[in-house]
Asker: 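Take this structure, written in structure tokens, and hold onto it; I'll ask about it next.
Per chain, numbering begins at 1; letters A, B, ... match sequence-line order.
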Protein chains: 2
Amino acid sequence: MYNKGTATRTHIINTANNLFYHQGFNQTSFTDIAQSAGIPKGNFYHYFKTKEEILEDVIQQRIKNIENQLNNIEELNLQPADRIRFFISALKNNKNGFAQYGCPVGSIITELGKTQLALKTKSKMILELIQNWLSSQFQQSGKHKTTANTLSRHIMVRIQGAIVIAHAYEDKSCFTEEINQLLEWIDKEASNAE
Amino acid sequence: MYNKGTATRTHIINTANNLFYHQGFNQTSFTDIAQSAGIPKGNFYHYFKTKEEILEDVIQQRIKNIENQLNNIEELNLQPADRIRFFISALKNNKNGFAQYGCPVGSIITELGKTQLALKTKSKMILELIQNWLSSQFQQSGKHKTTANTLSRHIMVRIQGAIVIAHAYEDKSCFTEEINQLLEWIDKEASNAE
DNA sequence: TTATTAATCAGACAATCGTCTGAATTAATA
DNA sequence: TATTAATTCAGACGATTGTCTGATTAATAA
């Protein structure tokens, strides 16, 4: 069978992924994606029937990326609490993007959460994936079995908040500082048994 | 002079304010505002030449509202630290709106921060207004003169984060819990001199 | 080679966007 | 009352939106 198409499809998803992040979902048009990908607009319908379908595939791809990232951390042979620290520290690598465009997940949920609830629900899965992983680490540490959900949600809150403010102020150093504070909080919290 | 117009103008701003919050700026059309306000589209040009101009006036009105709110707190004859607690506690009154539509300021900054930087800069002034007020309260308390900016920014981070997550999960109780945690943190932090 | 499927691509489609006109209407001023 | 200015309002404007044809080319299978 003829399957050059899968490469083209992946190329479209990657292009759309960046544009959705940099411009927002509703502010990114079919024409934008087509031009940016170097693929004529008429060719799109062969791969995706609607813009929503593109976003759904973008989300699936993001989920895969994060799952890979989390799996890589698990293979590092760290203690659960150190896995959490590792994950959060690694976010600092994205500080430039966060300060310029916000969180790729949070910003799209904020956008879609107003009027496009079906798409929002799908995007939300990425946040849940991360929070569940954090929660699982807290449980594995043995010290926070009943508070794992609260603790992991609190981390999500502070990460999202740090990104929103860093984006609003266009100040990446403020993101770094808030993350460092969060790491200190974890050091204290992780040493307290419940 | 004939000035029924000022009432109409205010009515347009109020209508647009709600729609921008509930639908987002770019997802709200002139037609939406016109229909929702019960004013023919052609009449708009008499008051606003562009949609941007409407947003600018919406922001000005929001700034006034928040300034009034902060002034009212100042008149309550509370200690600075209690003024901060009062302001943060009062946010819980908006939990339903936060869970359904996110933060009216944060969500519009996130949206405009991607491609409409001039409008974002104006929206950002609302966040700065609040943070400066918080910072001023910390300084007046006498205990946190050099760390007032860091402390106030941290509060902004946690408020914005709590709203983003409450909105993502459509869970207002999670907002309340995070705010209560924040209040506890302030109790501890405010009692520590620097 | 022939038949079949996969992929490309120019451009049409109705609907909607933000913007703008110009005439009609209303109210205040002279 | 006559004049002037403020306000109303139906609808046109070009540009852009997301969606969709249908003809064409490229690659595989029979």
Asker: Restricting both atoms to N or O, compile the protein contacts to nucleotides 9-13 of chain C shorter than 3.5 Å, with distance only.
Answerer:
| from | atom 1 | to | atom 2 | distance (Å) |
| --- | --- | --- | --- | --- |
| C:dC9 | N4 | A:G42 | O | 2.9 |

Asker: A:F48 CZ to C:dT8 P: how many Å, rounded?
Answerer: 12 Å
Asker: In whole Å, what is the span from the CD1 atom of B:I54 to the P atom of C:dC20?
Answerer: 13 Å
Asker: Students often mix this up, so state it plainly: with edges at 30° and 60°, are the rings of A:F30 and A:F44 parallel, tilted or perpendicular?
Answerer: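 Geometry flag for A:F44 against A:F30: perpendicular rings.
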Asker: I want to check one thing: is the phosphate of D:dT8, taken as OP1 and OP2, less than 4.0 Å away from some side-chain N or O of B:T8?
Answerer: yes
Asker: Take B:N94 and B:F175 through the side chain to side chain contact (heavy atoms under 4.5 Å, CB included) test and state the conclusion after the steps.
Answerer: CA-CA 10 Å; B:N94 304 99; B:F175 174 74; over 6 Å; no
Asker: I need the NZ-C1' distance between B:K49 and C:dT21, as an integer number of Å.
Answerer: 13 Å
Asker: Rounded to whole angstrom units, what separation is found between the CD1 atom of A:I12 and the P atom of C:dA7?
Answerer: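 Going from A:I12 (CD1) to C:dA7 (P), I get 11 Å.
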Asker: Polar atoms only, N or O, under 3.5 Å: list the protein pairs with nucleotides 14-16 of chain C and their distances.
Answerer:
none

Asker: Using atom NZ of A:K51 as one end and atom P of D:dT16 as the other, report the distance to the nearest whole Å.
Answerer: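 Taking atom P of D:dT16 as the reference, NZ of A:K51 is at 15 Å.
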Asker: Hey, does the side chain of A:Y45 come within less than 4.0 Å of D:dC20's phosphate (OP1/OP2), counting only N and O?
Answerer: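 Answer yes for this pair, as a side-chain N or O of A:Y45 is under 4.0 Å from OP1 or OP2.
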Asker: List for me each residue that meets salt bridge (Lys or Arg N to Asp or Glu O under 4.0 Å) alongside A:E74, sequence neighbours excluded, and say none if there are none.
Answerer: A:R83
Asker: If you compare every side-chain N and O of B:Y47 against the phosphate oxygens of D:dT8 (OP1, OP2), does one of them come in below 4.0 Å?
Answerer: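 Affirmative; the distance criterion is met.
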Asker: Any side-chain heavy atom of B:H167 within less than 4.5 Å of one from B:Q100?
Answerer: no
Asker: Whole Å only: how far is the CD atom of B:Q116 from the P atom of C:dG18?
Answerer: 11 Å
Asker: Paired with D:dA26: which nucleotide, if any, by Watson-Crick or G-U wobble criteria at under 3.5 Å for both distances?
Answerer: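 Result: C:dT5.
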Asker: Of A:M156, A:Q137, A:Q139, A:H144, which is the lone residue that meets side chain to side chain contact (heavy atoms under 4.5 Å, CB included) with A:L151?
Answerer: A:H144
Asker: Using the ring of each side chain (for Trp, its six-membered ring), is A:F87 parallel, tilted or perpendicular to A:W133, with breaks at 30° and 60°?
Answerer: tilted
Asker: To the nearest 0.5 Å, tell me how far A:F25 CZ sits from A:S107 OG.
Answerer: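 One gets 13.0 Å once the value is rounded to the nearest 0.5 Å.
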Asker: Assess whether a salt bridge exists between B:K120 and A:E170, defined as any Lys/Arg side-chain N lying under 4.0 Å from an Asp/Glu carboxylate O.
Answerer: yes
Asker: In whole Å, what is the span from the CZ atom of A:R9 to the P atom of C:dA6?
Answerer: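 Those two atoms, CZ and P, are 13 Å apart.
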Asker: Quick one: does NZ or CZ of A:K51 land under 6.0 Å from the six-membered ring centre of A:F48, within 45 degrees of the ring axis?
Answerer: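 No; the conditions do not both hold, so A:K51 does not lie above the ring face of A:F48.
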